[in-house]
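Structure record follows, encoded as structure tokens.
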There are 2 protein chains.
Amino acid sequence: MVRAGLTAAKVTAAAAEMADEAGLDSVTVSALARRLGVKDASLYSHVKNLRDLRVRIGLLGSEEMTDRIGAAVAGRAGKDALVAFADAYRGYALGHPGRYAATQMRFEPEEVAGSVGFRRSIELTYGMLRAYDLAEPDLTDAGRLLRSTFHGYIHLELGGGFGHSRDVGESWARSLDALHRTLENWPARETGSK
Amino acid sequence: MVRAGLTAAKVTAAAAEMADEAGLDSVTVSALARRLGVKDASLYSHVKNLRDLRVRIGLLGSEEMTDRIGAAVAGRAGKDALVAFADAYRGYALGHPGRYAATQMRFEPEEVAGSVGFRRSIELTYGMLRAYDLAEPDLTDAGRLLRSTFHGYIHLELGGGFGHSRDVGESWARSLDALHRTLENWPARETGSK
DNA sequence: CCTTCTTTCCTAGGGCTTCTAGGAAAGAAG
DNA sequence: CTTCTTTCCTAGAAGCCCTAGGAAAGAAGG
């Protein structure tokens with residue numbers, strides 16, 4: 001019997017490739033076993049179940065993604081940092097759609113407990129926002145707006161939700177421009193203005 | 001043999017309820033058959049397959065949602081219209097998370113061909129943006145930014161992506177305020193400003 | 001009323017999936 | 001060379017999607 005020499009990390013890496021190629025939903029235990037030249041049951045030595053497999057893809061993706069974003073924003077501030085953050089975010093998501101989708105699962109607290117990706121993601125966001133000189137709760141509100149916009153854009157773009165007429169990259173750049181101005185002129189509390 | 005008296009519409013309605021209660025992924029042919037007191041195979045007289053069932057939920061959702069949004073924005077303009085649109089959007093999505101998720105599927109052209117929901121959704125968006133006096137391609141860019149933000153916000157909120165500290169409704173209201181200002185002061189082309 | 005047609009629902013079954021139990025053998029550790 | 005751990009296996013239960021072919025309920029027509 002020639003062994004395949006699998007480990008949890010190798011299994012996860014193969015699953016992540018599959019996810020990017022064919023979509024997260026098509027990552028199944030049996031399809032992955034076929035790809036690895038192994039029987040279904042053998043994978044259960046490395047991974048608890050299907051859910052666990054997908055969670056591992058998500059944790060891997062969040063770490064890779066925050067690595068890239070961290071490198072992109074290093075030494076930048078203000079609009080430079082915003083654009084670098086956003087482009088690294090979008091670039092990773094478009095290049096690794098399956099991994100990205102896995103980062104958006106609804107995780108249980110114990111599933112993300114030992115992972116650094118998600119914590120670092122929050123730190124990076126707040127670090128980038130520092131230049132805009134906001135105080136809580138505006139900081140939280142602005143962070144939520146940014147995350148929502150980034151995620152929503154990518155989700156719609158990956159889902160084919162945008163028509164083909166106008167280049168999405170250009171729309172994206174213009175939206176970042178608009179967001180930068182929004183952050184610079186963040187509305188004061190209790191604005192009565194219309 | 002006592003008949004259940006099913007039709008495609010009744011099957012879809014039951015499926016939509018299931019989706020809202022337990023998530024779109026848990027809408028399966030066999031689970032739906034159990035709920036309706038019928039054998040799996042019987043549902044295939046009303047629905048082509050699982051995909052078709054979920055598409056029907058999405059089309060139903062898009063029509064219900066645009067009905068609500070249309071009623072909300074009627075007679076309003078400017079920021080009033082924006083807030084009415086956004087609140088109706090968020091209200092429907094939070095109240096019907098399964099239906100909403102189904103509206104975000106990747107549809108094939110022939111699947112949405114006979115449906116009015118998606119077309120009306122575009123019309124409503126452009127109608128609401130009319131007050132901001134934008135010309136193409138700014139109109140498209142602004143529309144994409146709005147859709148992304150709305151969808152991203154709801155997706156993160158439904159996915160438990162926001163912490164519990166700050167009230168999401170308040171963040172939402174502040175973000176709408178910020179978006180309104182963004183639309184009012186939409187950046188001119190080729191801004192060199194930082 | 002009685003025949004015919006259409007639609008709804010059924011049984012039976014194939015094929016794919018997840019996952020468990022229990023065992024064999026490869027490779028590491030003593 | 002023996003012992004232990006880990007990897008991988010076979011076997012099988014249970015659930016899912018979907019098709020084929022048939023029965024019966026209800027509608028439509030004579």
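Only this structure's heavy atoms are used, side chains among them; waters, hydrogens and symmetry mates stay out. Chain identifiers are assigned alphabetically (A, B, ...) following the order of the sequence lines, protein sequences preceding nucleic acid strands; residue numbering begins at 1 within each chain.
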Interatomic distance, A/H46 NE2 vs D/dT7 P [rounded to whole Å]: 5 Å
Whole-Å gap separating C1' (C/dC16) and CG (A/D25): 16 Å
Under 3.5 Å: donor-acceptor pair, side chain of A/S42, backbone of A/V38: no
A/L50 side chain, from C-beta outward: closest of C/dC9, C/dT18, D/dC18: C/dT18
Any donor-acceptor N/O pair, B/T66 side chain to B/S62 backbone, under 3.5 Å: yes
Closest listed nucleotide, where the reference is the side chain of A/D40 and the choices are C/dT18, D/dC18, D/dT10: C/dT18
Whole-Å distance separating the OH atom of A/Y44 from the P atom of C/dT20: 7 Å
Distance in angstrom units between B/L36 CG and C/dC10 C1', rounded: 16 Å
Polar side chain donor-acceptor pair, A/R56 to A/T12, under 3.5 angstrom: no
N or O in side chain of A/T28 less than 4.0 angstrom from C/dC16 OP1/OP2: no
Polar side chain donor-acceptor pair, A/R166 to B/T140, under 3.5 angstrom: no
Atom pair distance, as rounded to whole Å: NZ in B/K39 and P in D/dA23: 18 Å
C/dC16 phosphate, OP1 or OP2, under 4.0 Å from A/S30 side-chain N/O: no
Assigned partner base of C/dA28, Watson-Crick or wobble definition, under 3.5 Å: D/dT3
A/R147 side chain vs B/F162 backbone, donor-acceptor pair below 3.5 Å: no
Below 4.0 Å: OP1/OP2 of D/dC16 and any side-chain N or O of B/R34: yes
Nearest-Å distance for atom pair CG/C1', residues A/L43 and C/dT17: 14 Å
Upstream residue (5' side of DNA chain C) when A/K48 and B/V38 are each assigned their closest nucleotide: B/V38
Proximity to the side chain of A/A41 - top-ranked nucleotide from D/dC8, D/dT19, C/dT20: C/dT20
A/D52 CG to C/dT18 P, straight-line distance once rounded to whole Å: 14 Å
Length of the line joining B/L32:CG and D/dC16:P, which is rounded to integer Å: 12 Å
A/S45 vs D/dT7: side-chain N/O to OP1/OP2 distance below 4.0 Å: no
